Structures are given as C-alpha cells and as structure tokens.
J.: 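Here's a structure for you.
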Amino acid sequence: MTQYNWQQKDWPDFTYSLRGIEDALYAFAEKTGRLAGKWQAMPEVTQQEALITMMVSEAIKTSAIEGEFLSRSDVLSSIRNNLGLHRDTHHIKDRRAAGIAELMIDVRNTWPDPLTPEKVFHWHRMLFSNHAYLSVGQWRTHTEPMQVISGALGKEVVHYEAPPSSQVPAQMEAFLQWFNDTAPALGGDIKNAPVRGAIAHLYFESIHPFEDGNGRIGRAIAEKALSQGVGRPVLLSLSQAIESEKRAYYEALKQAQRSNEITSWITWFVDVVLKAQTLAEELVDFTLQKVRYYDVYKDQLNDRQHKVINRMLEEGPNGFEGGLNAKKYGSMTRVSKATATRDLQYLLEIGAIRRFGEASGRGTRYEVNIG
C-alpha cells in the first residue's frame, strides 16, 4: 500500500541537496537583479502597465491549471478596479474573475506580513464568495478521504490522499509556524528564495486543507515566499510557467508526496521559477516595445484602429491566436467587411501591422508589427 509523505515518521522534516543546482540558484539571483534594473529604468506608467499584464496572466493561468477558464477582459477590469486606477466601464460578469483578481493584489500588497489562518481564510473567501455548496473560509471537515484523482467514473486513479480532516487544524498550525519562522526577515535558515518557495508549496499542497482552491492558494503562498526571499514583490507569473508544463507539474508533485527527501521536487521547481523569470523579462521588453510603438503610430490611427491594436497588444507578445483578419476586425468594431478591409490595408501601408503565415486573399492574417 502506498505510504504518503505525511504518513512517514520524518514528516515534515524535509531533506534535500542543492548540489547540482547551484548554477540555477545563481541564475535566479542574477535574473532578479537584471529584471529589477530594467524595471527601475521604466517610467511609472509603464511599470504599472507591465505589472497589470503580469497579474492578469497569473490570475488566468493559476485558474487554468485547475481547469477554470476565465474571461481576460473580466480579470483585467477587476485588477484595474481593485488597484483604484479607474472604474472600468466593462461589466464584470464572472465573480470568479473578480475573486482571483482580488487575491492577486492582496498577495502582492501583503507580501512581508506573517501568514495566518485568518489571511488564508480571507484568500479562500475571495475565491469562493459566491459558492453556495462549499465550506468557505474554513478548513475542511468532511469525513470522506481528501483525494486527488483522475480518470473516468469507475476507472479513477488516486494520485494522492491528504491527511484526514481531523488532522488539518494541527497540520496547518505547524505549517504556518514553519512558514513564519523561516521568513528571511526573522533570520530563517533557508537562504534561497526558490527553495523556500518549493518547500512551502509542497508542504501546503500535501496538507490540502480546503475542500477546493488548494492549488491556487498554494501557488499564492509560493509567490509570497519568493517575494519575502527577494525583499520585494516578485516580478514574475509563476502560474504562467507552471501551466505550460501542467502535466509535469502534477507528476513532480505526485512523486514528491511519496517521500520527505525532496531534492527532485526542488530541482524541478527552481527550473520553473527560472522559466517564469524569463517570461517576465520578455514581458518587460514587450511593454517597452509597446511604448515605442505608440510613440510612432498613436496619431495615425482612428478610434476603430486604436481599439483593435489595443486589444491585440493586451494578449501579449504573440497577439491573437491565429492572428487578425477582416472578419475579426469587423466583429470587434462593428463595421462592414469593406470598411474592415480598408482599415487593415491602411494599417499595413503605414507599417502598423504585417502579414504572417502563408494564406492570402480572404485568408490573409495580420499581427502587430512590433519589435
């Protein structure tokens, strides 16, 4: 019978070796410094735009890992509203989007604070404020086993079984004590931020204290650990990097929950953090490219063209999946196909967009000509 980490005598005394990942940890420190330098050189309004884009990505991807697909416009409006930038006229239909946006901002704003049951419950209520059939803002209490499973009904595969609900209060008390005692500000002995983030995420996920939302809150806790490790809110979207390797993420967690020797898990997690840093640096570069782009084209575009270009650039460096065509342009601006074609031709002539792909005629697709 499989014995999970919490069932073993050495739980939760995790052991690991950093031999072999010294270069990765050095790269993390180097990337942190380089990204901070780029960030500080940006105008405040550009910093704000990059930060919003990063939080939107984190909110969408942390939900996508759990199989929830949120409206980007709802998440963006929620984040803007919660930051107090302006009251967005966009009507937010999805309460889930508003909740995850609130969570992203609170994690960022309270990064140096101790982690308490009240704070974790508060995050849980943000995620599930409109959920009528879930025990919200409290540890799970059901007597059935808390299992992570996959597969069709009758053919389920159990990947992990968490401690019974009766153990959760004591387990979480120990976890929160560990998290706060290891904080760098208190002289904690875990000097590398990605290592502490890896342990914090695994430790929390292994307890699995809620009926739902453990993954999203667990990744928020990992981000908090990273921020405490670098001494400021971390500039990356951890969930964006994890979501791109979702299958490997679940497999790495599964293997790590079989033993309290967690070297392989830490190695995997550090690699994901490095990937998240690379993506963040690409986003900062892209944001600067957008500023230069608008300096060139902002006075050459009509309102329709501004709307479409803005919408494409909100999607990030790759723009719309499949690119822009006359049909999409017409749908977004509510103009005729002839007007859409004429607008696109003008944008092409001034260099604001460019063709991509092999299609021509009706199948011609475009992307923003940036960078």
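Because the structure is a prediction, the values reported are computed rather than measured.
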J.: Is any side-chain heavy atom of Q138 less than 4.5 Å from a side-chain heavy atom of T141?
T.: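 Yes, at least one pair of side-chain atoms sits under 4.5 Å.
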
J.: Distance check, rounded to the nearest 0.5 Å: I105 atom CD1 versus I100 atom CD1?
T.: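 Answer rounded to 0.5 Å: 11.0 Å.
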
J.: Check whether any side-chain N or O of H208 sits under 3.5 Å from a backbone N or O of P163 as a donor-acceptor pair, and report yes or no.
T.: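 Such a contact is absent between H208 side chain and P163 backbone.
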
J.: Is the side chain of Y293 donor-acceptor paired with the backbone N or O of N369 at a distance under 3.5 Å, no angle test?
T.: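 No, the answer is negative, given that no donor and acceptor are paired below the 3.5 Å cut-off.
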
J.: How far apart are the C-alpha atoms of E49 and T287, what are their side-chain angles, what is the distance that settles it, and do they pass the side-chain hydrogen bond (donor to acceptor under 3.5 Å, both in side chains) test?
T.: CA-CA 7 Å; E49 182 179 353; T287 304; 5.6 Å; no

J.: Is it the case that T32 and Q277 place a side-chain donor and acceptor less than 3.5 Å from each other?
T.: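 Looking only at side-chain atoms, Q277 and T32 do form a donor-acceptor pair, the distance falling under 3.5 Å.
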
J.: Establish, from distance only, whether the side-chain atoms of Y249 and R219 form a donor-acceptor pair under 3.5 Å.
T.: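 On atom types as modelled, these side chains qualify, holding a pair under 3.5 Å.
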
J.: Give the ring-plane orientation class for H131 versus F128, where under 30° counts as parallel, over 60° as perpendicular and anything between as tilted.
T.: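 Because their plane-to-plane angle is over 60°, the rings of H131 and F128 count as perpendicular.
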
J.: Check for a donor-acceptor pair, side chain of E367 on one end and backbone N or O of R355 on the other, with a separation under 3.5 Å.
T.: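 No, E367 side chain to R355 backbone: no donor-acceptor pair under 3.5 Å.
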
J.: Taking all atoms of both residues into account, what is the closest heavy-atom pair of L235 and A280, and its distance?
T.: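 Smallest interatomic distance, heavy atoms only, reads O-CB, 3.2 Å.
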
J.: Quick test of your reading of the model: are R216 and D212 salt-bridged, counting only N-O distances below 4.0 Å?
T.: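 Here R216 pairs with D212 in a salt bridge, since their nearest N and O are under 4.0 Å apart.
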
J.: Are the side chains of I262 and T15 in touch, meaning some heavy atoms are under 4.5 Å apart?
T.: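 A side-chain contact under 4.5 Å is absent here.
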
J.: Closer than 3.5 angstrom, by distance alone: can the side chain of T46 be matched with the main-chain N or O of M42 as a donor-acceptor pair?
T.: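 No, because the side chain of T46 does not come within donor-acceptor range (under 3.5 Å) of the backbone of M42.
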
J.: Give a yes or no on whether W178 and W111 share a hydrophobic cluster (residues Ile, Leu, Val, Met, Phe, Trp, Tyr; joining criterion: side-chain heavy atoms under 4.5 Å apart).
T.: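 Hydrophobic grouping puts W178 apart from W111.
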
J.: If two hydrophobic side chains count as joined below 4.5 Å and joins carry through other members, does L253 share a cluster with I149?
T.: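 Looking at the clustering, I149 is in the same group as L253.
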
J.: On the 0 to 90° scale, with breaks at 30° and 60°, tag the F204-F210 ring pair as parallel, tilted or perpendicular.
T.: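 Correct class here is tilted.
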
J.: Is it the case that over 12 heavy atoms from other parts of the model lie below 6.0 angstrom from the NZ atom of K254?
T.: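 Yes, NZ of K254 has more than 12 neighbouring heavy atoms, counting only those of other groups under 6.0 Å.
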
J.: For the CG atom on D13, are there more than 12 heavy atoms of other groups (residues, nucleotides or ligands in this structure) within a distance under 6.0 Å?
T.: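 Buried by this count: over 12 neighbours within 6.0 Å.
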
J.: Give me the one residue out of R311, M312, Q305 that meets side chain to side chain contact (heavy atoms under 4.5 Å, CB included) with V308.
T.: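 By the side chain to side chain contact (heavy atoms under 4.5 Å, CB included) criterion, V308 pairs with just one of R311, M312, Q305: M312.
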
J.: Is it true that R72 and E314 make a salt bridge, defined as a side-chain N closer than 4.0 Å to a carboxylate O?
T.: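 No, this pair does not count.
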
J.: Without swapping roles, check the side chain of Q228 against the backbone of A225 for a donor-acceptor pair under 3.5 Å.
T.: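 Side chain of Q228 to backbone of A225: no pair is present.
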
J.: Check K119 with D106, please: is the shortest side-chain N to carboxylate O separation under 4.0 Å?
T.: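 The answer is yes: the pair qualifies as a salt bridge.
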
J.: Looking only at atom types and distance, does a side-chain atom of T62 sit under 3.5 Å from a main-chain N or O of E58, one as donor and one as acceptor?
T.: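 Side chain of T62 to backbone of E58, a donor-acceptor pair under 3.5 Å: no, none is there.
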
J.: Between S135 and E211, do the side chains contain a donor N or O and an acceptor N or O under 3.5 Å apart?
T.: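 Side-chain D/A pair, E211 to S135: present.
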
J.: Taking all atoms of both residues into account, what is the closest heavy-atom pair of A59 and V75, and its distance?
T.: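 Residues A59 and V75, closest heavy atoms: CB-CG1, 3.7 Å.
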
J.: Nearest 0.5 angstrom please: E30 CD to L274 CG, how far?
T.: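 Result: 10.5 Å between the selected atoms.
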
J.: Mind listing the closest non-hydrogen atom pair of G218 and E205 along with its distance?
T.: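 G218 and E205 have their closest heavy atoms at CA-OE2, 3.3 Å.
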
J.: Is I350 reachable from I309 through a run of I, L, V, M, F, W or Y residues, each pair having side-chain heavy atoms under 4.5 Å apart?
T.: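 They do share one cluster, since a chain of ILVMFWY contacts under 4.5 Å joins I309 to I350.
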
J.: Can you check whether K38 reaches D285 side chain to side chain, under 4.5 Å on heavy atoms?
T.: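 Contact flag for K38/D285 side chains = yes.
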
J.: Shortest non-hydrogen contact from V284 to L35?
T.: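 Closest pair (atom of V284, atom of L35, distance): CG2-CD1, 3.8 Å.
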
J.: Evaluate the ring planes of H201 and W265, with Trp represented by its six-membered ring, and classify them as parallel (under 30°), tilted (30 to 60°) or perpendicular (over 60°).
T.: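 Parallel: the ring planes of H201 and W265 meet at under 30°.
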
J.: Any luck finding a side-chain donor-acceptor pair between S165 and R140 under 3.5 Å?
T.: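 Note: S165 and R140 side chains meet the donor-acceptor criterion.
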
J.: Just wondering, do R108 and L51 contact through their side chains at under 4.5 Å, heavy atoms?
T.: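 In contact.
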
J.: Return the CZ to CE distance between F175 and M172, rounded to the nearest 0.5 Å.
T.: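 One finds 5.5 Å between CZ of F175 and CE of M172.
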
J.: We want to know whether Q255 and E251 form a side-chain donor-acceptor pair, criterion being a heavy-atom distance below 3.5 angstrom.
T.: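 Yes.
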
J.: Is E144 atom CD crowded by more than 12 heavy atoms from other residues, nucleotides or ligands, each under 6.0 Å away?
T.: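 Result for CD/E144: enclosed.
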
J.: Under 3.5 Å, is there a donor on one side chain and an acceptor on the other for T182 and R196?
T.: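 Short answer, yes.
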
J.: Do S71 and D94 touch side chain to side chain, with heavy atoms closer than 4.5 Å?
T.: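 Counting from C-beta outward, S71 and D94 never come under 4.5 Å.
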
J.: Establish, from distance only, whether the side-chain atoms of T339 and S336 form a donor-acceptor pair under 3.5 Å.
T.: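 Note: T339 and S336 side chains meet the donor-acceptor criterion.
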
J.: Is it the case that R95 and S129 place a side-chain donor and acceptor less than 3.5 Å from each other?
T.: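 The criterion, which ignores hydrogens and geometry beyond distance, is satisfied for S129 and R95.
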
J.: Mind jotting down which residue pairs meet the ring-ring contact (aromatic ring centres under 6.0 Å, His included) criterion with at least one end in residues 14-68? Sequence neighbours excluded, please.
T.: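 Output for this query lists W11-F14, F14-Y203.
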
J.: Would you check if the side chain of E245 reaches a backbone N or O of A241 as a donor-acceptor pair within less than 3.5 Å?
T.: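 A pair under 3.5 Å: no.
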
J.: A cation-pi test, strictly: NZ or CZ of R365 under 6.0 Å from the centre of the six-membered ring of F356 and no more than 45 degrees from its axis. Yes or no?
T.: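 Verdict for F356: a cation-pi partner in R365.
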
J.: Any side-chain heavy atom of F121 sitting closer than 4.5 Å to one from T116?
T.: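 F121 does not reach T116 side chain to side chain.
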
J.: Could you list the residues that satisfy side-chain contact (heavy atoms from CB on, under 4.5 Å) with S17, not counting sequence neighbours?
T.: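 S17 satisfies side-chain contact (heavy atoms from CB on, under 4.5 Å) with R19, T263 only.
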
J.: How long is the gap from NZ on K337 to OG on S331, to the nearest 0.5 Å?
T.: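 It is 14.0 Å, given to the nearest 0.5 Å.
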
J.: Report whether L324 and L348 are members of the same hydrophobic cluster (ILVMFWY, side-chain heavy atoms less than 4.5 Å apart, transitive linking).
T.: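 Linked, L324 and L348 end up in one cluster.
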
J.: Side chains of W123 and L127: closer than 4.5 Å at any heavy-atom pair?
T.: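 W123 does not reach L127 side chain to side chain.
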
J.: Is it the case that over 12 heavy atoms from other parts of the model lie below 6.0 angstrom from the CG atom of N302?
T.: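 Result for CG/N302: enclosed.
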
J.: Test your reading of the model: is there a side-chain donor-acceptor pair from E223 to the backbone of M104, 3.5 Å cut-off?
T.: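 No; judged by distance alone, with no hydrogens or angles, the pair does not exist.
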
J.: Taking atom CD of Q177 as the centre, report whether more than 12 heavy atoms of other residues, nucleotides or ligands fall under 6.0 Å from it.
T.: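 Open.
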
J.: What distance do E161 atom CD and M146 atom CE have between them, rounded to the nearest 0.5 Å?
T.: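 Going from the CD atom of E161 to the CE atom of M146 covers 10.5 Å.
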
J.: Rounded to the nearest 0.5 Å, what's the gap from CE on M54 to CG on L238? Could you check?
T.: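 Answer rounded to 0.5 Å: 12.5 Å.
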
J.: List the atom of N325, the atom of L344, and the distance in Å for their closest heavy-atom pair.
T.: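 So the two residues come closest at C-CD1, 3.9 Å.
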
J.: Within the 3.5 Å criterion, strictly below it, is a donor on Y329 or D343 matched to an acceptor on the partner's side chain?
T.: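 The answer is yes; a qualifying pair exists.
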
J.: Please name the pair of heavy atoms, one in V296 and one in Q300, separated by the smallest distance, quoted to 0.1 Å.
T.: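 So the minimum-distance heavy-atom pair works out to O-NE2, 2.9 Å.
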
J.: Under 3.5 Å, is there a donor-acceptor pair between the S206 and N5 side chains?
T.: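 N5 and S206 do have a side-chain donor-acceptor pair below 3.5 Å.
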
J.: Quick one: do the S237 and K61 side chains pair a donor with an acceptor below 3.5 Å?
T.: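 The criterion, which ignores hydrogens and geometry beyond distance, is not satisfied for K61 and S237.
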
J.: Do L279 and L313 belong to the same hydrophobic cluster, where Ile, Leu, Val, Met, Phe, Trp and Tyr are linked whenever their side-chain heavy atoms lie under 4.5 Å apart, directly or via other members?
T.: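 No; tracing contacts between hydrophobic side chains, which count when under 4.5 Å, never links both residues.
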
J.: Evaluate the side-chain proximity of L202 to I266: yes if any heavy-atom separation is below 4.5 Å, no if none is.
T.: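 I266 vs L202: side chains apart.
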
J.: Between K191 and G188, is there a donor-acceptor pair closer than 3.5 Å when you use the side chain of the first and the backbone of the second?
T.: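 At least one qualifying donor-acceptor pair exists.
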
J.: Check whether K224 reaches the backbone of D113 with its side chain - one donor and one acceptor, N or O, closer than 3.5 Å.
T.: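 It does hold such a pair.
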
J.: Taking atom CD of E173 as the centre, does the number of heavy atoms from other residues, nucleotides or ligands within less than 6.0 Å exceed 12?
T.: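 Open.
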
